[in-house]
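Let me begin by presenting the structure, written as structure tokens, before commenting on it.
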Amino acid sequence: MYIYDSVAKTKRAFKPLIPGKASLYVCGPTVYDDAHLGHAKSAIVFDLLRRVLEAEGSEVTYVRNITDIDDKIINKSRETGISITKITDIYTEAYHRDMSALGVKRPTLEPKATESLEAMFELIQKLIDSGHAYRTDSGDVYFDTQSDSEYLSISHRHQDEAETQQRVESSDEKRYPADFALWKAVHDDSITFDSPFGPGRPGWHTECSAMIEKHIDRGGAYSVDIHGGGADLLFPHHENEAAQTRCATGHEIANYWMHNGFVTIDGEKMSKSLGNSFFIKDALKAYSGEVLRFFLLGTHYRSDFNFNEEDLLASKKRLDRLYRLKKRLFGLNARDDTTSFQSALLEALGDDLSISRALALLDEMIAEANEGLDANPKDKVLKRRILADLAYVETLLGIGTMNPYEYFQHGIDEETKVKINALIDARNAAKKAKDFARSDAIRDEIAAMGVQLMDTPQGTFWERSE
RNA sequence: GGCGCCAUAGCCAAGUGGCUUAAGGCAUGGGAUUGCAAAUCCUUGAUCCCCGGUUCGAGUCCGGGUGGCGCCUCCA
């Protein structure tokens, strides 16, 4: 496949270090709060990448870390009185629950920072030994950015010394303002970990480099094939990761870099400080996870994504078409036929995840399938082909996975369903007696409940409207 | 202040110099179908923010302008 490498700033043919085996590392969440739409976008994008690589026949090692050591977690613990481990357990579980609802498959490995301390010590020690890191009087260990001639080659910055100086507040102990902490010494009663450098906790970039070395590096020209994350991580996070690994191991951390665009809410960046965060769990109250997945998937991963309800509903209608087709073939089993649609779909996604092209192909497939079924409702060969295509879409895009009836009835409780079915029976009786005034009155009554009826040769079905 | 991204129909969104006098979806108008509807199918719409340039040829490259946005500070 082809991947746009955001460091090379060009599209490159993807060639893994070991043919047939792709490795992927993505920066995961800090588990101190519920996941928001930005987490969802990133997770969905790289889930898609993983599916495409697998569909192309690669054996994918996908590592996504869980950051469970962080000042934000510690602060939350102080504020709430809940223990650190309790907090990280709660939000790790919440993250998994939300991602699962969005159809995001679990990565191959999900290392936690607390379980990777040895690897971090090793990395830091190597940097100290090789003169790329230094200790301060207060016990902190800093990375010496000036010791790395390649520093800033990832984010293509040309840091102006004077300008940097005014940006950084407490640089008193640093040799150079851009230097960053590998280990922060802690002397009070905060959470600390014992280390060869004294009690403290790791700097925020340390874990990614350490985990990649521990779980992925196979001693090649670089550590991991693809490194991914949100666009905001390019600098300083990825720059610093790259510097650490380069100086500790002598090779680059990644061969390809992928950065997904931001999610904005009504045109503004979503951020905690602006107070416009949008939690996935809240969005899931109104929409099924798959509707959200499809919406977030619909815009190319490198573009910024603006979230608003109106566009979400338009996106849902597009997904509805897939489910309507699925409904027409409900109850039939798919087989593994391969079709030209499938290869075209994979080819589109293999071109830097060109989702718009892929969805256009999907729409065309759906239209042709409906047309064919209209013309030849009993064509078994056609049905087989459509079912195979739908199954392929499920696997590759992670959409169309639900029971179509449940999809269209999302959010309606059991009691209401019973009531609706009773009204449908009454209406069908009226229809049979050609009492259309009464049957239309019943339909209006049902419509008032937010439910739409559809008469078909197979009977009367209903969907949630709006 | 430094670095960077974006600007295509009412809305979302492809397009990386000629095969595209611009995919696909939503919405709108018309039609087929339907007891009426819904669904489905057919059909309907933009010369690509502005100005200048390069080229036989530009939405697509270059320069300038205008308007959005992001990173440089915790953030996917």
Side-chain angles (χ1 to χ4, degrees), chain A residues 4 6 9-11 26-30 32-33 35-46 70-72 75 152 155-160 162-164 166-169 178 204 228-237 239 259-264 267-274 277 295 298-300 302-306 308 310-321 324-325 327-328 348 352 354-364 366-375 408 431 434-437 439-440 443-444 447 452-456 460-463 465:
Chain A
Y4 181 86
S6 45
K9 294 192 178 186
T10 185
K11 217 184 265 184
V26 175
C27 295
T30 301
Y32 72 107
D33 205 349
H36 58 233
L37 289 174
H39 293 109
K41 176 75 184 176
S42 174
I44 289 169
V45 162
F46 292 105
D70 188 274
D71 288 353
K72 293 189 289 291
N75 290 339
L152 300 181
S155 58
H156 305 290
R157 277 159 205 272
H158 312 281
Q159 215 135 10
D160 182 304
E163 169 260 310
T164 305
Q166 71 188 122
R167 270 279 171 195
V168 180
E169 301 150 25
W204 70 301
D232 55 338
L233 296 181
L234 181 57
F235 187 85
H237 188 53
E239 187 71 61
H259 291 95
N260 62 276
F262 281 110
V263 177
T264 55
E268 287 225 7
K269 185 188 170 180
M270 176 174 55
S271 79
K272 302 241 153 75
S273 51
L274 288 175
S277 281
F295 183 40
T299 300
H300 188 79
R302 278 189 278 125
S303 302
D304 283 345
F305 182 90
N306 187 37
N308 72 61
E310 195 185 326
D311 294 343
L312 185 150
L313 290 173
S315 162
K316 180 183 177 299
K317 288 193 175 174
R318 195 176 188 180
L319 182 59
D320 286 353
R321 289 162 47 77
R324 291 244 154 67
L325 175 60
K327 216 168 171 181
R328 289 183 81 163
D352 195 37
S354 294
I355 192 67
S356 287
R357 264 167 63 199
L359 294 183
L361 287 167
L362 175 59
D363 287 326
E364 280 160 22
I366 293 169
E368 277 171 30
N370 278 319
E371 195 181 357
L373 289 172
D374 283 352
F408 284 114
K431 272 176 69 179
K434 302 256 188 239
D435 184 356
F436 295 123
S439 75
D440 286 351
R443 182 165 59 199
D444 290 345
Q452 181 160 297
L453 294 184
M454 356 186 63
D455 294 326
T456 76
T460 301
F461 299 107
W462 64 271
E463 296 180 357
S465 52

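In what follows, chains carry the letters A, B, and so on, assigned in the order in which the sequence lines appear, proteins first and then strands, with residues in each chain numbered from 1.
Counting heavy atoms from C-beta outward, R324(A) and E463(A) have side chains that approach closer than 4.5 Å. The side-chain heavy atoms of H300(A) and D352(A), taken from C-beta on, include a pair separated by under 4.5 Å.
With C42(B), C36(B), C71(B) as the candidates, the nucleotide lying closest to the side chain of F262(A) is C71(B). Taking only side-chain atoms of H39(A), from C-beta outward, the nucleotide of G2(B), C75(B), A76(B) with the closest atom is A76(B). In the set A76(B), C71(B), G24(B), the nucleotide with an atom closest to the side chain of S42(A) is A76(B). Comparing atom distances between the M454(A) side chain and each of C41(B), C26(B), A38(B) picks out A38(B) as nearest. Distance from the side chain of C27(A) is smallest for A76(B) among the nucleotides C36(B), A76(B), C12(B). Comparing G35(B), U40(B), G24(B) against the side chain of D440(A) picks out G35(B) as the nearest. Checked against A13(B), A76(B), G4(B), the side chain of K9(A) finds its nearest nucleotide in G4(B). Counting only heavy atoms from C-beta on, D232(A) has its side chain closest to C71(B) among C71(B), G25(B), U40(B). Among the nucleotides A76(B), C42(B), C71(B), the one closest to any side-chain atom of R157(A) is C71(B). Considering only side-chain atoms of R324(A), the nucleotide from A76(B), U40(B), C36(B) that sits closest is U40(B).
Remark: G57(B) base-pairs with no nucleotide in the shown strands. Criterion, Watson-Crick or G-U wobble with two distances under 3.5 Å. A46(B) is unpaired under the criterion used here, namely a Watson-Crick or G-U wobble arrangement in which both key atom distances are under 3.5 Å. Nucleotide C3(B) forms a pair with G70(B), judged by Watson-Crick or G-U wobble geometry with both contacts under 3.5 Å.
Note on L233(A): only backbone sugar-phosphate atoms sit closer than 4.0 angstrom, heavy atoms only; bases stay farther off. Using a 4.0 Å heavy-atom distance criterion, G261(A) is classed as a base contact. Within 4.0 Å (heavy atoms only), G38(A) reaches at least one base atom of the nucleic acid.
Look at the C1' atom in both G68(B) and C26(B): the space between them is 24 Å, to the nearest Å. Nucleotides A27(B) and A7(B) have their C1' atoms positioned 22 Å apart, rounded to a whole Å. Spacing of P atoms, U47(B) relative to A23(B), comes out at 13 Å, to the nearest Å. Comparing C41(B) with U66(B), their P atoms sit 47 Å apart, to the nearest whole Å.
Put simply, K317(A) has a side-chain N or O that comes within less than 4.0 Å of OP1 or OP2 on A27(B). Look at N370(A) and you'll find a side-chain N or O under 4.0 angstrom from OP1 or OP2 of C41(B). Phosphate contact (OP1/OP2 of C41(B), side-chain N/O of R321(A), threshold under 4.0 Å): present.
Distance CG (L359(A)) to P (A23(B)): 17 Å, rounded to an integer number of Å. Distance L312(A) CG to A13(B) P: 13 Å, rounded to the nearest Å. The nearest whole Å value for the distance from the OH atom in Y4(A) to the P atom in C5(B) is 8 Å. I366(A) places its CD1 atom 15 Å from the P atom of A39(B), with the value rounded to the nearest Å.
For the pair D304(A) (side chain) and F262(A) (backbone), a donor-acceptor distance under 3.5 Å is present.
No hydrogens or angles were tested; on distance alone, a donor-acceptor pair under 3.5 Å links the side chain of R443(A) to the base of A37(B). With hydrogens and angles left out, the side chain of D311(A) and the base of C26(B) share no donor-acceptor pair within 3.5 Å.
Taking the six-membered ring where the residue is Trp, F295(A) and F305(A) present perpendicular rings, their angle passing 60° and hence far from 30°.
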Go through the steps to decide whether V45(A) and V26(A) satisfy the test side-chain contact (heavy atoms from CB on, under 4.5 Å), and finish with yes or no.
CA-CA 10 Å; V45(A) 162; V26(A) 175; over 6 Å; no

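Each of P236(A) and A367(A) was matched to the nucleotide of RNA chain B holding its nearest heavy atom; the match closer to the 5' end belongs to A367(A). Nearest-nucleotide mapping onto RNA chain B: of G229(A) and T264(A), the residue sitting toward the 5' end is T264(A).
A stacking contact links F436(A) to G35(B): the aromatic ring centre lies within less than 5.5 Å of the base's six-membered ring centre, and the planes differ by less than 30°.
The distance from the NZ atom of K41(A) to the OG1 atom of T299(A) is 5.5 Å, given to the nearest 0.5 Å. For the atom pair S439(A) OG and D455(A) CG, the distance stands at 8.0 Å (nearest 0.5 Å).
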